[in-house]
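FYI, side chains are in, hydrogens and waters are out, and symmetry mates aren't considered; it's all heavy atoms of this structure. Atoms within a ligand are numbered from 1 in the order they appear, just like the ligands themselves.
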Amino acid sequence: MAIEIIPVPDLGGADKVDVIEVCVEPGDVIEAEQSLVVLESDKASMEIPSPKAGKVISLKVKEGDSLSEGDAILELELEGEASSESDDAPAVESTAEAEETAVAADAEEQAPAAPAGATSQQLVPVPDLGGSDSVEVIELCVAVGDEVAEGDSLVVLESDKASMEIPSPAAGKILEIKLAEGDKVSEGADLVLLEVTGSAPAAQPASEQQSASEQQPAAAQKPAPAAQPAPKPAPAAISTATDSRESAAGVYAGPSVRKLARQLGVDLNKLKPSGPRGRFMKDDVRSYVKQLVADVNSGKVSGGSGIPAIPEVDFSQFGDIEMVKMSKIAKLTAANMSRSWLNVPHVTQFDDADITEMEAFRKSMKAEADKRGVKLTPLPFLLKAAAAALEAEPSFNVSLHADGEHIVKKNYIHIGVAVDTPAGLMVPVIRDVNKKGLWELAAESAEIAAKARDGKLMPRDMQGGCFTISSLGAIGGNGFTPIVNAPEVAIMGVSKAQMKPVWNGAEFIPRNMLPLSVSYDHRAINGADCGRFFTYMVAVLSDIRKLLL
Ligand code: COA
């Protein structure tokens, strides 16, 4: 068995070409013509086939390397050949073929330059396609009116073996596009009409150039292809063995699309191609990035969190389904919840408040409440108790400053109340709760809840909260873990009060127990702070006379 170093073949004039994919690994047994690496210049991607069959001993390249002709790709143990044979064999069989198929490299000579500042029109034809005929236009890279620099891609053509970008022979402005995506073209076909400015190379002898004012019908201007400054070789034609859509990564995309994807850090494997025959288009990359940015902005995904998205599932495969549009509030709530859940390290503490006396007092006030036209529910008592606890434990009445260096201490006590509405969850804020009495709070909470349900809240009504109360008491449940309504740092969850047997040291006595939970942002609040806050609040609710102290 002979060992041979497989070098980079003639790259059609390209130099320092990036390795974007290594298709084999040491130990792989490969066939002749099997792709070894995919190289990509700014004009073309090319798969380099193995000239021989054998076993890969070691790799001499890795992704990201830049290679030129002659650089070693890998060490190959040849299959059933003596080393002398391999020495004689050309390192890459397709080199001659490549030269044949590469696009007229030697036609790079430039015609006389136009005088600086003068404009002329140049009809750019399809260059020598290395023998290919009827090649499909798969992408137009320019639009009428675009300014292009010399070498900018005009179109991407694709045969069944390679894709090639046809560069502009000169800088100028696109006046007309002579073909459309999907057209089949051959050498000499009109590509674009270019208005060339200044000393750019002319496409035809200077004597045949015309100024814009002397424009003749396009057909009359068509220069002989030989006079064209032909584009640089399309090295993709080197690889005649593998269809570009069958790269190891399974990605079927032209060089410009790959380049755009690389520049934007997009992994093409994550996209769905929209082009013909499953080909990726630049717009696929752009739409993907646009969607990603929109998702981050809307909070659907957390920027940079690296949390994998929940895969999309086609539920219709399991049964009948119905698609219901989310309300604006539901979408905002989803975004806010995700933001808070992902950003805030939550801790939730639970306790029961003995509200037997409070309920007795509340019920005793029913006649008075009716007289005032107000419904006195447990909510105003909870608001008062929370305000008292916020005053007693000011570490709860803060927000973390965005600079990461400060805590914002608030000298006011505004409390939000979560209200369930047909349009979704809303959190109107009651201001200066500590300065208001139970009747005032009862009236105000009923008023804001009604406003919320009628969709009459203004944005300001929902701003400025220091703390939130989320009460499911009228509905049920033993306890839940509410999500902090950031930038607030704590929230209280209220569940359904129930009569429970409570040991008083001598006997079990029936007491009305209210299950409460407090979730807090552990960046701002310590467990001990929460212990003090919660104990105080439970004590206040158990004996509302403490509110007078
Ligand atoms: N335990 C037992 N009963 C309770 C209770 C509790 N914790 N809280 C309220 N109740 C009772 C009330 O006393 C009232 O009974 P009554 O008519 O016999 O006096 C009944 O439940 C209905 O109260 P409600 O009208 O809901 O008033 P409220 O002041 O308690 O609540 C809102 C007002 C706005 C909080 C409430 O209507 C609401 O929208 N709750 C849902 C909030 C929500 O969805 N939170 C989840 C966020 S994730």
Tabulate below the donor-acceptor pairs under 3.5 Å that side-chain atoms of residues 371-382 make, not counting sequence neighbours, or state none.
from: Arg372; atom 1: NE; to: Glu368; atom 2: OE2; distance (Å): 2.8
from: Arg372; atom 1: NH2; to: Glu368; atom 2: OE2; distance (Å): 3.3
from: Thr377; atom 1: OG1; to: Leu379; atom 2: N; distance (Å): 3.3

Check: every ligand 1 N/O to protein N/O pair under 3.5 Å:
from: ligand 1; atom 1: 1 (N); to: Ala497; atom 2: N; distance (Å): 2.9
from: ligand 1; atom 1: 7 (N); to: Ser495; atom 2: O; distance (Å): 2.9
from: ligand 1; atom 1: 17 (O); to: Lys375; atom 2: NZ; distance (Å): 3.2
from: ligand 1; atom 1: 29 (O); to: Thr377; atom 2: OG1; distance (Å): 2.6
from: ligand 1; atom 1: 37 (O); to: Arg453; atom 2: NH2; distance (Å): 2.5
from: ligand 1; atom 1: 39 (O); to: Asp420; atom 2: N; distance (Å): 3.0
from: ligand 1; atom 1: 39 (O); to: Arg453; atom 2: NH2; distance (Å): 3.0
from: ligand 1; atom 1: 40 (N); to: Ser471; atom 2: O; distance (Å): 3.2
from: ligand 1; atom 1: 45 (N); to: Ser470; atom 2: OG; distance (Å): 3.1

Start with the C-alpha gap between Thr468 and Val417, add the side-chain angles, then the distance that decides, and say whether side-chain contact (heavy atoms from CB on, under 4.5 Å) holds.
-> CA-CA 6 Å; Thr468 294; Val417 177; over 6 Å; no

Those residues at least two apart in sequence (or on a different chain) that pass side-chain hydrogen bond (donor to acceptor under 3.5 Å, both in side chains) with Lys436 are Glu444

Flag yes if more than 12 heavy atoms outside Lys290 fall under 6.0 Å of its NZ atom; otherwise flag no.
-> no

Flag if over 12 foreign heavy atoms under 6.0 Å of CD1, Ile310 = no

Output side-chain donor-acceptor pairs under 3.5 Å for residues 320-329, partner residues at least two apart or in another chain, one line each.
from: Ser327; atom 1: OG; to: Ala330; atom 2: N; distance (Å): 3.0
from: Ser327; atom 1: OG; to: Ala423; atom 2: O; distance (Å): 2.8

